[in-house]
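What follows is a set of notes on a single structure, which appears directly below.
All figures in this text were calculated on a predicted structure; none of them were measured in a lab. Order of listing sets the numbers, starting from 1, for every ligand and every atom in it.
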Amino acid sequence: MKIDILTTFPWMIKPILESSILKIAAEKEIVSFDVIDIREYSKDKHKNTDDYPFGGGEGMIMAPQPLFDSIRGCVENNTEKIIFPTPDGVIFNQKKAKKLSDENHIIFICGHYKGIDQRVRDNFEIEEISIGDFVLTGGEIPALAMIDSIVRLVPGVINNIKSALNDSFSQPLLDCPWYTRPEIYEGKKVPKILLSGNHKKIDNWRKSQRENKTKILRPDLWKKYLKLKNK
Ligand code: ADE
């Protein structure tokens, strides 16, 4: 898989790509990343990438020229999936991450300021995705959040794929509590059942923990789970 990230803040992206699972994915040559500075494509004499909005209003708009040219610079054969992280997009979730983990080439366009010129959104076949109903300053953090969740699902990236498949949301259930050594920390004990060696009982305990947590914290997921369970 190839992932291109178009940004005016390349230094925000690189440290994350060079950490943890994303670094491992690149080292294993399962995924290759390219961080492209949109500014380098600007034909403006000051290398500006934004301008004032027509019709007035607060904030700056990312201009079409550097975006058109930098997107075209990434496209190789028109099979690329182009994603624009934006709060007015469709909400991202685990199902979407799984689907995107099958792509060969994804291009993320990170917008900033007030937004990007609408003609960019109209001209390319772009999927507009939000990571939640809140507004961030730019698309870099949402792009990285999506990239992390996609890449960890690409076969070969995580050794224990079973663990990734059991994550919260892979099924409509939140995850259970997990513990590691020591058995007692500041007087607080690990649940006895986890020390019992009885794997069937441990599995049942974990499942009931997941169910209880989901029922209390996410009634929307709980409803979905009950529907699936009773099918
Ligand atoms: N850009 C700014 N806020 C965002 C959000 N919530 N999701 C995706 N992209 C964004």
Side-chain angles (χ1 to χ4, degrees), residues 1-17 19-22 25 31 33-39 41-42 48-55 57-71 74-75 80-103 105-154 167-170 174 217-218 220-221:
M1 175 188 275
K2 186 170 191 297
I3 298 182
D4 293 325
I5 303 128
L6 296 172
T7 174
T8 45
F9 294 83
W11 54 89
M12 275 180 80
I13 305 281
K14 288 180 178 164
I16 308 296
L17 298 184
S19 314
S20 188
I21 287 288
L22 300 181
V31 181
F33 299 108
D34 207 351
V35 183
I36 297 123
D37 189 347
I38 297 168
R39 203 170 297 279
Y41 280 84
S42 173
N48 279 339
T49 55
D50 60 334
D51 213 330
Y52 294 98
F54 277 124
E58 293 294 315
M60 302 290 269
I61 308 297
M62 286 179 80
Q65 179 274 316
L67 287 168
F68 268 67
D69 289 353
S70 57
I71 294 167
C74 294
V75 170
E80 294 78 8
K81 173 69 77 184
I82 307 177
I83 296 176
F84 174 51
T86 174
D88 52 12
V90 169
I91 298 279
F92 189 69
N93 59 21
Q94 189 68 14
K95 193 170 160 199
K96 188 78 204 162
K98 182 81 186 74
K99 190 144 184 266
L100 290 170
S101 71
D102 287 333
E103 292 289 338
H105 187 178
I106 308 178
I107 301 167
F108 283 90
I109 307 165
C110 303
H112 247 265
Y113 318 110
K114 205 174 147 41
I116 67 173
D117 190 287
Q118 183 62 32
R119 288 165 290 188
V120 179
R121 299 168 80 159
D122 295 341
N123 188 70
F124 297 93
E125 201 174 306
I126 290 179
E127 234 184 286
E128 304 187 340
I129 306 183
S130 166
I131 61 160
D133 289 341
F134 48 88
V135 179
L136 294 160
T137 315
E140 282 77 10
I141 292 170
L144 286 168
M146 288 187 245
I147 291 167
D148 189 277
S149 71
I150 294 163
V151 167
R152 60 196 296 284
L153 298 174
V154 176
D167 287 338
S168 292
F169 306 116
S170 291
L174 301 181
L217 295 177
R218 291 290 303 269
D220 55 324
L221 282 184

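Residue Gly132 approaches ligand 1 through these ligand atoms, each under 4.0 Å from one of its heavy atoms: 6 (N). Here is the list of ligand 1 atoms found below 4.0 Å of a heavy atom in Val135: 3 (N). Ligand 1 places these atoms under 4.0 Å from at least one heavy atom of Pro142: 8 (C), 9 (N), 10 (C). Using a 4.0 Å cut-off to heavy atoms of Pro85, the atoms of ligand 1 that qualify are 8 (C), 9 (N).
Not a single heavy atom of Gly111 lies less than 4.0 angstrom from ligand 1.
Here Thr86 has backbone heavy atoms under 4.0 Å from ligand 1, and that is the only part of it that gets that close.
Counted within 6.0 Å of CD1 on Ile141, heavy atoms from surrounding residues, nucleotides or ligands total 12 or fewer; the atom is thus considered open. For CZ of Phe134, the number of neighbouring non-hydrogen atoms (other residues, nucleotides, ligands) closer than 6.0 Å is greater than 12. No more than 12 heavy atoms of other residues, nucleotides or ligands shown are found within 6.0 angstrom of CG on Asp133. Remark: Gln118 CD is packed, more than 12 non-hydrogen atoms of other residues, nucleotides or ligands lying under 6.0 Å away.
Around atom 2 (C) of ligand 1, the closest heavy atom drawn from Leu136, Ile129, Asp88 belongs to Leu136.
Under 4.0 Å is where a charged nitrogen must lie from a carboxylate oxygen, and between Glu127 and Lys99 no such pair does.
Nearest to atom 7 (N) of ligand 1 among the protein's heavy atoms is Ile131 N, 2.9 Å. Of the protein's non-hydrogen atoms, Pro87 CD, 3.6 Å is the one closest to atom 4 (C) of ligand 1. Nearest protein heavy-atom contact of atom 5 (C) of ligand 1 is Phe134 O, 3.7 Å.
Here the side chains of His105 and Asp4 are in contact, with some heavy-atom distance below 4.5 Å.
If you check the side chains of Glu140 and Thr7, you find a donor sitting under 3.5 Å from an acceptor.
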